[in-house]
Peer 1: 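This is the structure I have questions about; it appears just below.
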Amino acid sequence: MDSIQQARVDLAAAHRLAARYGYHEGVCNHFSYAIPDMDDRFLLSPYGVHWSQVRASDLLLVNAKGEVIEGNGYAETSAFCIHAAVHLAHPRAACVLHTHMPYATALTSLENSEILPISQNSLRFYQDVAYDNDYGGLVHDMEEGARLASNLGNKRVLMLGNHGVMVVGPTIHQAFDDLYYLERTAELQVLAYSTGKPLRLMGENLARHTKTQFDEERDRYSRIHFDGLLRILDQESPEFRN
């Protein structure tokens, strides 16, 4: 299987898995993957296909102008404006995942939406999260997409105030692994808030040390995690590869 077809399979799987976990919202939100060595070409989910039914062949190949090079359907305006801007501004962001998943989005609706170092999983993201607190409505122009790309900076997560989240990574499996653990982290933080009890924050030295440990195993572990999820899809809905 060539690298582009493998990317199609993995990105289709990411959509289906996100639907299983409840990260999607209707037929909105969007995932994309930049084709290596092709600066202005990326795979994007077509608007209107439910994530639980996305197949590898459904994914559109679009350029930086929003034109569909391969595939049937069209790129939804906000999807194009957000993803094209991030891919062009950050070559390291080969995969860009944008969702309104409930617990992480709940945090973005708070006055302080910071991911706090209160759990082991939260330390995966220690000092690796950017925050955009200036919600400006639907992203229907490249200027707003460029603003979001700028706010992402060198982080791998952007919390979009009153909106949702964006996760970026060098591979689809790393980005999806981060998306999964970001929602788990947010869920635990929301549950901790709900007790009304004081939070027990971990110290900076411990947080940095644990973050380094996670980073050292990030690619290997995320690949193992994603491969396990692919086996579930292969058993239960193998048509995603088509």
Side-chain angles (χ1 to χ4, degrees), residues 11 13-32 45 50-52 54 78-79 82-83 86 93 95-139 148 151-152 155-169 172-202 207 210-211 214-215 218 221-222 225-226 228-229 232-233:
L11 196 60
H15 283 85
R16 293 205 177 203
L17 292 166
R20 284 178 176 235
Y21 288 130
Y23 298 165
H24 66 309
E25 191 165 60
V27 293
C28 302
N29 304 171
H30 12 84
F31 290 176
S32 66
S45 46
H50 196 274
W51 285 16
S52 65
V54 171
S78 63
I82 292 173
H83 290 253
V86 174
C95 184
V96 179
L97 310 180
H98 168 56
T99 76
H100 300 166
M101 53 191 189
Y103 286 99
T105 302
L107 289 185
T108 74
S109 68
L110 301 178
E111 183 66 28
N112 179 4
S113 58
E114 183 179 358
I115 300 293
L116 299 174
I118 61 171
S119 68
Q120 177 171 284
N121 280 336
S122 71
L123 301 184
R124 294 169 176 269
F125 307 102
Y126 186 68
Q127 296 187 336
D128 212 353
V129 180
Y131 299 87
D132 172 54
N133 297 319
D134 297 315
Y135 177 71
L138 301 181
V139 183
L148 296 178
N151 286 344
L152 174 66
K155 309 299 186 184
R156 70 181 202 255
V157 174
L158 178 62
M159 301 288 282
L160 303 163
N162 307 106
H163 182 179
V165 301
M166 182 192 302
V167 173
V168 306
I172 295 168
H173 61 268
Q174 285 190 37
F176 189 84
D177 188 66
D178 277 346
L179 192 74
Y180 173 86
Y181 281 105
L182 179 64
E183 181 68 347
R184 296 288 289 181
T185 295
E187 180 181 8
L188 191 146
Q189 187 165 321
V190 169
L191 289 172
Y193 279 148
S194 73
T195 69
K197 302 291 186 180
L199 301 180
R200 180 186 295 144
L201 274 67
M202 288 178 273
T210 309
K211 171 64 159 54
F214 275 126
D215 285 348
R218 185 178 171 217
Y221 178 79
S222 61
H225 181 198
F226 199 71
L229 297 174
I232 294 173
L233 291 181

Peer 1: Can you check side-chain contact (heavy atoms from CB on, under 4.5 Å) on L17 and F226, steps first, answer last?
Peer 2: CA-CA 10 Å; L17 292 166; F226 199 71; 4.0 Å; yes
Peer 1: Which atom pair, heavy atoms only, marks the closest approach of A130 to L152?
Peer 2: CB-O, 3.8 Å
Peer 1: Measure the shortest side-chain to side-chain distance between M166 and I82 over non-hydrogen atoms and say whether it is less than 4.5 angstrom.
Peer 2: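 Yes, close enough: below the 4.5 Å cut-off.
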Peer 1: Could you check if a side-chain atom of E25 sits within less than 4.5 angstrom of a side-chain atom of T105, using non-hydrogen atoms only?
Peer 2: no
Peer 1: Which heavy atom in F31 sits nearest to a heavy atom in A18, and how many Å separate them?
Peer 2: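 Result for this residue pair: CZ-CB, 3.9 Å.
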Peer 1: Just wondering, more than 12 heavy atoms not from R20 lying within 6.0 Å of its CZ?
Peer 2: yes
Peer 1: Are Y193 and L110 close enough that some pair of their side-chain heavy atoms sits under 4.5 Å apart?
Peer 2: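 SC-SC contact between Y193 and L110 confirmed.
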Peer 1: On a heavy-atom basis, which atom in A175 and which in V168 lie closest, and how many Å separate them?
Peer 2: CB-C, 4.4 Å
Peer 1: Between atom NZ of K211 and atom CG of D128, what is the distance when rounded to the nearest 0.5 Å?
Peer 2: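 Nearest 0.5 Å value for the NZ-CG distance: 4.0 Å.
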Peer 1: Does the K155 side chain pair with the main chain of Q127, one donor and one acceptor, at a distance under 3.5 Å?
Peer 2: yes
Peer 1: In the structure I gave you, are the side-chain heavy atoms of L188 and L191 within less than 4.5 Å of one another anywhere?
Peer 2: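 Not in contact.
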Peer 1: Between I115 and L182, is there a side-chain heavy-atom distance shorter than 4.5 Å?
Peer 2: yes
Peer 1: Between atom OG of S45 and atom NE2 of H50, what is the distance when rounded to the nearest 0.5 Å?
Peer 2: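 Answer rounded to 0.5 Å: 12.0 Å.
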Peer 1: Provide the closest heavy-atom pair for W51 versus C28 in the form atom of the first, atom of the second, distance.
Peer 2: CZ2-O, 3.7 Å
Peer 1: If we only count heavy atoms from C-beta on, is the N29 to T99 side-chain gap below 4.5 Å?
Peer 2: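 N29 reaches T99 side chain to side chain.
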Peer 1: Pair V190, L107 - check side-chain contact (heavy atoms from CB on, under 4.5 Å), show working.
Peer 2: CA-CA 7 Å; V190 169; L107 289 185; 3.9 Å; yes
Peer 1: Step by step, work out the side-chain contact (heavy atoms from CB on, under 4.5 Å) result for L229 and Y180.
Peer 2: CA-CA 12 Å; L229 297 174; Y180 173 86; over 6 Å; no
Peer 1: Would you say the side chain of Q120 lies within less than 4.5 Å of the side chain of F214, judging by non-hydrogen atoms?
Peer 2: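 Side chain of F214 against side chain of Q120, heavy atoms only: contact under 4.5 Å found.
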Peer 1: Within a strict 4.5 Å, meaning less than it, do heavy atoms of the H98 and L160 side chains meet?
Peer 2: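 When only atoms from C-beta onward are counted, L160 and H98 do touch, with a gap below 4.5 Å.
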Peer 1: Just how far is it from atom CG of L123 to atom OG1 of T210, taken to the nearest 0.5 Å?
Peer 2: 5.0 Å
Peer 1: When rounded to the nearest 0.5 angstrom, what distance separates OH in Y221 from OH in Y181?
Peer 2: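 Between atom OH of Y221 and atom OH of Y181 there are 3.0 Å.
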Peer 1: Measure the spacing between CD of Q174 and NE2 of H225 and express it to the nearest 0.5 Å.
Peer 2: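 Between Q174 CD and H225 NE2, I get 13.0 Å after rounding to 0.5 Å.
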Peer 1: Is Q189 reaching over with its side chain to a backbone N or O of E114, donor-acceptor style, under 3.5 angstrom?
Peer 2: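 It does hold such a pair.
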Peer 1: What verdict does the side-chain contact (heavy atoms from CB on, under 4.5 Å) test give for R124 and R156, after you've listed the backbone C-alpha separation in whole Å, the side-chain angles of each residue and the deciding distance to 0.1 Å?
Peer 2: CA-CA 11 Å; R124 294 169 176 269; R156 70 181 202 255; 4.2 Å; yes
Peer 1: Under 3.5 Å, side chain of S52 to main-chain N/O of A19, donor-acceptor pair present?
Peer 2: no
Peer 1: Using only atom types and a distance under 3.5 Å, with no angle test, would you say the side chain of T195 pairs donor to acceptor with the backbone of A192?
Peer 2: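 Side chain of T195 to backbone of A192: a pair is present.
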Peer 1: Can you name the residues that form a ring pair (Phe, Tyr, Trp, His ring centres under 6.0 Å) with H173, not counting sequence neighbours?
Peer 2: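 Result, ring pair (Phe, Tyr, Trp, His ring centres under 6.0 Å) vs H173: none returned.
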Peer 1: How close do G22 and P102 get, counting heavy atoms only, and between which atoms?
Peer 2: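 Of all heavy-atom pairs spanning G22 and P102, the closest is O-CD, 3.6 Å.
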Peer 1: Measuring from atom NE2 of H24 to atom CZ of R16, what distance do you get when rounded to the nearest 0.5 angstrom?
Peer 2: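 Interatomic distance, H24 NE2 to R16 CZ, rounded to 0.5 Å: 12.5 Å.
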Peer 1: Between the main-chain N or O of A104 and the side-chain N or O of E183, is there a donor-acceptor pair closer than 3.5 Å?
Peer 2: yes
Peer 1: Looking at every heavy atom in both S32 and H83, which two are closest together, and how far apart are they?
Peer 2: OG-ND1, 2.5 Å
Peer 1: With a 4.0 Å cut-off, would you call D178 and R218 a salt bridge?
Peer 2: yes
Peer 1: If we ignore hydrogens and angles and just use 3.5 Å, is the side chain of S122 paired with the main-chain N or O of L116 as donor and acceptor?
Peer 2: yes
